[in-house]
Number of protein chains: 2
Amino acid sequence: MVAKASNSDAQDTADVRGVTAPDGSVKARLERGALNLFREHGVDGVSTRAIAEAAGVSEGAIYKHFKSKEVLAQHLFEAIHEKLYALVEEQLNAAESFDDGVLRVVKTYCKAADDDPTLFEYHLTHMFRFGVRHYPGRPDPTTLIASRIQDAIDNGACPPGNPEIKAAAALGVVLQPAAHRMAGRFEGTMTDHADQFARASLAAVKET
Amino acid sequence: MVAKASNSDAQDTADVRGVTAPDGSVKARLERGALNLFREHGVDGVSTRAIAEAAGVSEGAIYKHFKSKEVLAQHLFEAIHEKLYALVEEQLNAAESFDDGVLRVVKTYCKAADDDPTLFEYHLTHMFRFGVRHYPGRPDPTTLIASRIQDAIDNGACPPGNPEIKAAAALGVVLQPAAHRMAGRFEGTMTDHADQFARASLAAVKET
DNA sequence: CGTTAGTGAGTGAACGCTCACTTACTTTCA
DNA sequence: TGAAAGTAAGTGAGCGTTCACTCACTAACG
């Protein structure tokens, strides 16, 4: 899951790898085409004809790769969801302290938003459609973050409180600005402000 | 726009008044029925036949009150949007200091979420569909908050920085937990945690 | 020659919306 | 005062359109 980084020309698109099929394949073109359309018009605002056209294939080709339009949309959401989980887990394991963990997770979200804005925006705007249900065993970044906050509370690295609320508040500090940036409310990349967000996130975790 | 409050039995539902038509009317039943369905299934997941059935009227009745299903959905979103704007403005004007203003706004959002969860959830989940475009003159709570943050920066009550980012981070501290609560990630009302959110929001504003 | 990927016309269902009509109430005026 | 005319709300069958999805077919390939 971690970027190989041995290939010299695989630098800035590292986060996208593993989320979509190999470039150029019909499946990858369907995924990218659908993603672009879903992001702009929402899943329900996009027809299978439009997806096929965007991918440069016939409508029937969709059904050689995905059982339904809904499954395609879910697959795209799950892909970014699981990728984020893996990235967050990697950074949390590499963290030297609780505060360092918060900084790393915030930077991870900022980088993900900057690296593939379309993918991130789709994830953000469709959280309520696909992300609401959380059941045990599902790789959910928020649950992971909450459990690490619980550990920090036990260790005394974080003041006591409801870890789910702390996790939500900390994430909100990053995700709401990400949404506002997508709406054109401010300029610059998310990473430009990562340190601010990290400080604010940390404060939010400790105050809630 | 502000509640008249002369009527003694208009206490805890005050926030809802003015958002929908008078109770019992066909228009009010259409708005409530549509709102409940839109919240649960999304605007595109609800048919005009279903709305009519929920309101206990015929399908044609919808079009005596609203030009289209889309207009009905927009109307519902705008109603809560403008109501929130009015409430936020009222609290900001009553605030004795910048810190007090943050506390009041956070409490306002918490109360709105608690008083009419359906309305608030619809607002939250459809922000990306209706709330993305912000143009001058539109009553937008976020823009109002950002402008007050700018004032505070000018007065020295708040450290310098981009007010749009500060506003987004502060709102995120409240809205993300609100979304997580709706997803069933924690118990209790939003107001139960309003003081925590206020402290965290204030910290987020000052750290970004 | 069997398998797999891709085609695209076709299908039934569901959709948003319309419209001729009924009903209930208000206004007009001899 | 009371019949006639006008108005607005509500009805529900039905319209044209679009939709997701299917399937008989072809092309490419080992």
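These values consider heavy atoms only, across backbone and side chains, with no hydrogens, waters or symmetry-generated copies. Lettering of chains follows the sequences in order, A, B, ..., and the numbering in each one begins at 1. Since this is a predicted model, take the numbers as computed values, not measurements.
Between A/Glu70 and A/Arg129, at least one side-chain N (NZ, or NE/NH1/NH2) sits under 4.0 Å from a carboxylate O, which counts as a salt bridge. Electrostatic pairing of A/Asp100 and A/Arg104 counts as a salt bridge here, judged by a charged N lying under 4.0 Å from a carboxylate O.
Look at A/Thr48 and you'll find a side-chain N or O under 4.0 angstrom from OP1 or OP2 of D/dA20. Considering only side-chain N and O atoms, B/Ser58 lies nowhere under 4.0 angstrom from the phosphate OP1 or OP2 of D/dG12. OP1 or OP2 of C/dA5 has not a single side-chain nitrogen or oxygen of A/Lys64 nearer than 4.0 Å.
Using modelled atom types, one finds a donor on one side chain and an acceptor on the other under 3.5 Å when comparing A/His75 with A/Glu31.
The main-chain N or O of B/Ala55 is found under 3.5 Å from a side-chain atom of B/Arg29 such that the two form a donor-acceptor pair.
D/dG12 atom P lies 16 Å from atom OH of B/Tyr63, rounded to whole Å. Following rounding to the nearest Å, B/Lys69 (NZ) and C/dC17 (P) show an atom-to-atom distance of 8 Å. Rounded to a whole Å, the CD1 atom of B/Ile51 is 17 Å from the P atom of D/dG12. Rounded to a whole Å, the CZ atom of B/Arg29 is 14 Å from the C1' atom of D/dT11. In this entry the distance linking CG of B/Leu30 with P of D/dG10 reads 8 Å, nearest Å. Between the CZ atom of B/Arg49 and the C1' atom of C/dG16 there is a distance of 8 Å, given to the nearest Å. Taking atom CD1 of A/Ile62 as the reference point, atom P of C/dA5 lies 16 Å away to the nearest angstrom. Distance CD (A/Glu53) to P (C/dT7): 13 Å, rounded to an integer number of Å.
For A/Glu59, counting side-chain heavy atoms from C-beta on, the closest listed nucleotide (C/dG10, D/dG10, C/dC15) is C/dG10.
Along DNA chain C, the nucleotide nearest B/Val46 and the nucleotide nearest A/His65 are compared for position; the residue whose nucleotide lies closer to the 5' end is A/His65.
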